[in-house]
Amino acid sequence: MSGAAAENYQAAGNPCRQCMPLGASWAFKGIEGCIPVLHGSQGCATYIRRFMISHFREPIDIASSSFDETTVIFGGQENLEQAVMNVFNQYKPEVIGIATTCLSETIGDDVERFVRELRMKEPGLCTLIPVSTPSYQGTQEEGFHRTVFSIVSHLAGADVGSDAGSENEQNDLEEQAESSLPALNFFLPMVTPADIRWIRKVTAAMKGEALILPDISDTLDGGLWNEYNAIPPGGTSVDHVRSMHLSEASMELGALLPDDWRPGYWLQKHYGTPTLSCGLPVGIDGTDHFFKILSEILGSSVPQEILEERNRLCDAYADAHKYLYGKKVVIYGDSSTVESLYRFTSEIGMNPLFCFTGSPGGILKPAIEKLEIPPVADEAPLILEDCDFADAEDIIEDRKPDLLIGNSKGYKISRRTGIPLLRTGFPIHDRFGASRQRMLGYSGALELLDRIVNILMEKKQDDSEVGYTYL
Amino acid sequence: MSAPILKERNKQVHEKGKAAFDLQCDRKSVAGSVSQRACVFCGSRVVLYPIADALHLVHGSIGCASYTWDIRGSVSSGPELHRLCFSTDLREKDVVYGGEKKLSAAVRELTAKHKPAAVFVYSTCIVGVIGDDVDSVCRKAEQELGIPVIPVHSAGFAGTKKDGYKAACTALNKIVGTDETGEISPLSINILGEFNLAGEAWIIKEYYRRMGIQVVSILTGDGRIPDIRKSHRASLNLVQCSGSLTTLAEHMEKEYGIPYKRVSYFGLEDVSKALYEVAGYFSDQDPLIMKRTADLVREEVETYLPALQECKRRLEGMKAAIYVGGAFKAFSLIRILRTLGVDVVLVGSQTGNRQDYEQLESMCDKGTVIVDDSNPMEMSHYIVEKDVDLFIGGVKERPMAFKLGVGFCDHNHERKTALAGFEGTLNFAREVCASALSPVWRFAPRRRNSL
């Protein structure tokens, strides 16, 4: 249904979003030793596995409490307990993340209580983290952020919830934190494994240690295995999450959510851990701002190597500007990706005249309106939330952009209109290497710039009757 | 190391020769076992999905529609309505106040825009729970719009994927038998359980054309509502894909007196057998049909056999694992692999029944492991234990194989290469070669240490 574009339409056509439990699964996959359990019908887990596997090309095990008719009548407590115990015994996890679905929410299951009771019954169980993610309340994006928030609010600090470590453990953690490099918490939206690796690398180069939550850089982009790993190695360790309140500060990148859903804000409120937020470091302005904050917190300067990267990017901007100026671009996907790409395409002289997201939450529009970016075009861009491809298609045809930037699901429009599509974000089901795509930092911007320029050049060359061999 | 099998699943795993055969199946998935099955909705959706002139409207939260948008490789020779994704996209207020009005409006607006020959309304998990009367909404819309508007009761939790097949058959049954016009040959068939992945239905249809047989309808590959309406006037039903359309075939036998035969079009052996069986059925009415069929089979086999033998030379001695949706396909795969010199050491399915597994057991060698509704923990264990070179399955099994340095061949709904018929058999053999013989596997840590 869809937003301002077509108030009268009741049905969604070709949706530009998935459901909340997918975002929850994504977040849980970034915790070390964690396996997600979706509390609902078997299909939710299986469909989400398949959808994510086609993007990441990695094993993605997600369990289900496998509802049947009697579960729907009598409630899902017994099924959830059986699911948790079976996963615990078979996978030997450190954490089981439990996300609800539309079904379990609609029948009114109190999963927080189920988890409390199960912990009492089975004291030897691993850490359990419940999160409420009814599909009808939001998209994968909201599901993801809610889950990250839930992970932090369940684990961080000593006096919160029964899952926090003992006092001794806490002391150990404090000592650990003091003896090593200053730790920084990073909360990012659903970015690629390669971009997460970049965050870790530059933080280390600035003499800090990045605690990134969630960290899918290995779990969803790992190597081949000698033996089968029930749970892929990698991810943020539970201990690290527990000690997040002891970090120097939290950095919330691309946090467009209200404060209530921001884990950094929560840590600040409960433990006084300072939190700083800025947009995702995309493009020169965005990345400059990021490094300025990082330098201030860590008290170190930006290394020469990174400054050289920056200069190379400036050079590439100069080389590329003629191919880009005024080119009309349509950007779609999740809110934080769209907001970042709006900034980036504006910075390189393109005209992002139409941006849309399937996310309903009143997040994208204010975020873009808040930006102070001198526009290339006189006309204000059209920003739509809760918009699906069926609605967007008419607008795209009307505005005749030169380029589409977004996930694979816009391909049908690209194919029909002949407008090239640069695939980025999630899901990417019809191209290779989604996990290795870069967007963050000067190096990520350079990669993105190269791809944008090349796709425009290719289009120009293919459409030309002359067949220029110099462009 | 013993296999990591949940105690509830002990009887769903069997190693031939280790104990008497008593495999349990037809059970709901165990909570916490990472089953490769989806749900009732999935069963209905896969069966009805290829009907290209119908509008498929998913009534529920957005996820169910999103995850099944253009998911299969079922191609159409004409309209492509099935490749669009429609959902009533229920929101919190709908969950509170009900979704009937939204559904009713959605059916009308989408019908006005897309002019479908019929509408299938899939009710998903929460629809029954919030109390929507989908039948009544559909009935009213049908009267008003003058096209079939058919509810498909496919709440995910209400059984297994197999129950979804049944719900789809019930829906199809409402269309079957509603058109008596036009001539239909006495030598006529319906092809059931063939979904036209990568144009496979067209390959099979062409064989029947050469044999002199009219194909009245294909259920549901490249499917059309007007054809399905007439399908009750065919003389014989041929059911491929064991589980999904047997219910409809049984019903058509009872209601319209159309007998059915189970066939498979995978592998030279099985496809020849299928064509001969059909020829045999019609040979009283057309004495020359047997000869035409024999000529066809000979010609096709002669065309593809040499290349298949070349594949065999290269694959001989390899070991394969098979995990598929319906067990019937596994029979064919075992036979094809055997003709390619490949042994099957692990075989299983999501929805096989007792009979299927008994047949599987009788086909397998000693030591072969048979699994029902398996999961990654079990399968990965046997991949290593049995030292598998090649895995044949669907997308969800692929990364498991790759991580362990094992070739993988997609024989599921998403395939983009035709694997059915005589030519499909060679395509399959070539896919097997491309999967198992790639030089990249020598870099797998299991086969070679790193630096």
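Residue numbers start from 1 in every chain, and the chains themselves are labelled A, B, ... in the order their sequence lines are given, proteins ahead of strands.
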[X] side-chain N/O to [Y] backbone N/O, donor-acceptor pair under 3.5 Å:
{"X": "B:Lys403", "Y": "A:Gly223", "value": "yes"}
{"X": "A:Ser135", "Y": "B:Ser61", "value": "no"}
{"X": "B:Glu109", "Y": "A:Ala11", "value": "yes"}

* Quick one: list whatever passes ring pair (Phe, Tyr, Trp, His ring centres under 6.0 Å) with A:His429, sequence neighbours left out. =>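 Only A:Phe51 meet the ring pair (Phe, Tyr, Trp, His ring centres under 6.0 Å) criterion with A:His429.
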* To do: Look up atom OH in A:Tyr136 and atom CG in B:Asp94, then write down how far apart they are to the nearest 0.5 Å.
  =>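 Interatomic distance, A:Tyr136 OH to B:Asp94 CG, rounded to 0.5 Å: 11.0 Å.
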* Asked: To the nearest 0.5 Å, how far apart are CG in A:Asp68 and SG in B:Cys39?
  ->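 If we round to the nearest 0.5 Å, A:Asp68:CG and B:Cys39:SG are 13.5 Å apart.
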* Heavy-atom pair of closest approach, residues A:Gln18 and B:Ile62 ->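 Between these two residues, the closest heavy atoms are O-CG2, 3.9 Å.
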* To do: Of all the heavy-atom pairs spanning A:Arg49 and B:Pro376, show the shortest one and how long it is.
  =>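 Minimum heavy-atom separation between A:Arg49 and B:Pro376: NH2-CG, 3.6 Å.
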Chain B contact via [X] - side chain, backbone, both or neither, heavy atoms under 4.5 Å:
{"X": "A:Lys409", "value": "both"}
{"X": "A:Asn89", "value": "neither"}
{"X": "A:Pro360", "value": "side chain"}

* Name the one of B:Val95, B:Val127, B:Val96 that satisfies side chain to side chain contact (heavy atoms under 4.5 Å, CB included) with A:Thr106? ->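 Single pass found, and it is B:Val95.
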* Can we say B:Glu414 and A:Arg50 salt-bridge, meaning some charged N sits less than 4.0 Å from an Asp/Glu carboxylate O? ->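 A salt bridge links B:Glu414 with A:Arg50.
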* Going by an N to O cut-off under 4.0 Å, is there a salt bridge joining A:Asp386 and B:Arg91? ->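 Salt bridge between A:Asp386 and B:Arg91, a charged N being under 4.0 Å from a carboxylate O: yes.
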* Asked: If you check every heavy atom in residues 26-37 of chain B against those of chain A, which residues fall under 4.5 Å?
  ->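 Residues of residues 26-37 of chain B touching chain A at under 4.5 Å: B:Lys28, B:Ser29, B:Val30, B:Ala31, B:Gly32, B:Ser33, B:Val34, B:Ser35, B:Gln36, B:Arg37.
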* **Enclosure of B:Lys416 NZ (heavy-atom neighbours >12, cutoff 6.0 Å)** =>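 Enclosed.
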